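It should be emphasised that the depicted structure is a prediction, and the values quoted were computed from it without experimental measurement.
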Amino acid sequence: MTAPARDALAARLRAAGSVFAEDEADLLLEAGDGDPARLRSIVQRRLGGEPLEYVLGWAAFDGHRIRVSPGVFVPRARTTVVVEQAARRLQRYDRVVDLCCGAGAISVALLGRVGALDLVASDVDPDAVHVAAENIGDRGIVVAGDLFAPLPDRFRGVVDVIAVNAPYVPTAAIAMMPSEARDHEHRVALDGGADGLDLHRRIAAEAGAWLRPGGVVVIEVSEAQAPDSAAAFEAAGFVATVESDDAVDGTCVVATRPS
């Protein structure tokens with residue numbers, strides 16, 4: 001496509017509310033792959049408000065293209081704070097659980113940073129499990145079920161790191177989320193209960209049975225919720241700290257099982 005046509009596409013995207021219209025135009029042109037009919041189709045989807053990641057079929061995360069499908073939680077850059085904190089505590093072949101894995105973005109990023117891992121990813125959303133299995137391939141196991149319930153028994157008491165991006169949006173706040181999340185991502189991937197921390201408390205109560213002594217939970221949370229999340233883990237016997245990465249506006253709780 002010529003530069004004027006690219007600029008015209010960017011102008012249409014900007015008028016529709018895109019903040020990064022030029023970048024989106026380039027990505028849509030790449031996805032169109034020189035097929036005018038395909039390009040028209042995906043541009044119309046984007047102009048209609050469908051998230052860019054669903055239109056493209058992938059999301060950028062920690063240097064990887066993570067396949068996503070409609071409804072599945074789209075990985076955000078802020079979740080790299082979980083990857084960073086988890087990767088610091090891992091060596092090759094360590095045992096890792098990617099809990100509430102969504103599309104498997106944390107798993108893919110940890111495999112990229114650390115190398116081969118004994119990895120299990122789980123999610124309650126069957127659509128997420130399907131996509132995560134595609135993204136992780138033969139580098140780990142992906143299971144469907146509620147939190148720890150589907151994990152293999154051989155992981156009990158020996159896991160080095162549990163990396164988590166559990167839903168933490170308070171139920172009442174979902175209505176105030178951007179339309180791209182509120183109207184397109186499955187609610188089960190967003191809703192964290194009345195104060196957003198229902199799953200954090202459940203994970204704090206159950207994680208100790210799966211971790212080795214000295215093992216850690218690294219769990220994403222908002223800055224405002226972090227003290228309450230840390231307190232939940234401390235009440236369950238963990239030593240908890242709050243870690244932040246201002247570059248990606250990411251916050252997580254790191255909860256260590258005492259040795």
Nearest 0.5 Å please: distance from the [atom1] atom of [X] over to the [atom2] atom of [Y].
X	Y	atom1	atom2	value
N135	F61	CG	CZ	11.5 Å
E220	T80	CD	OG1	9.0 Å
L117	Q91	CG	CD	10.5 Å

Please confirm whether the backbone N or O of [Y] pairs with a side-chain atom of [X], one donor and one acceptor, at under 3.5 Å?
X	Y	result
R95	D118	no
S122	A144	no
D123	G102	yes
R139	L119	no
E24	R14	no

Is [X] salt-bridged to [Y], cutoff N-O under 4.0 Å?
X	Y	result
R113	E84	yes
R6	D26	yes
D94	R212	no

Kindly give the heavy-atom pair with the smallest separation between [X] and [Y], and that separation in Å.
X	Y	value
T251	V81	N-CG1, 3.7 Å
A86	V161	CB-CG1, 3.9 Å
A103	R67	CB-O, 3.6 Å

Would you call the rings of H200 and Y168 parallel, tilted or perpendicular, where under 30° means parallel and over 60° means perpendicular?
perpendicular

Quick one: do R89 and Q85 satisfy side chain to side chain donor-acceptor pair (under 3.5 Å)? Show the steps, please.
CA-CA 7 Å; R89 295 163 171 83; Q85 293 297 326; 2.9 Å; yes

List the steps, then state whether side chain to side chain contact (heavy atoms under 4.5 Å, CB included) holds for W210 with L151.
CA-CA 9 Å; W210 295 91; L151 298 187; 3.8 Å; yes

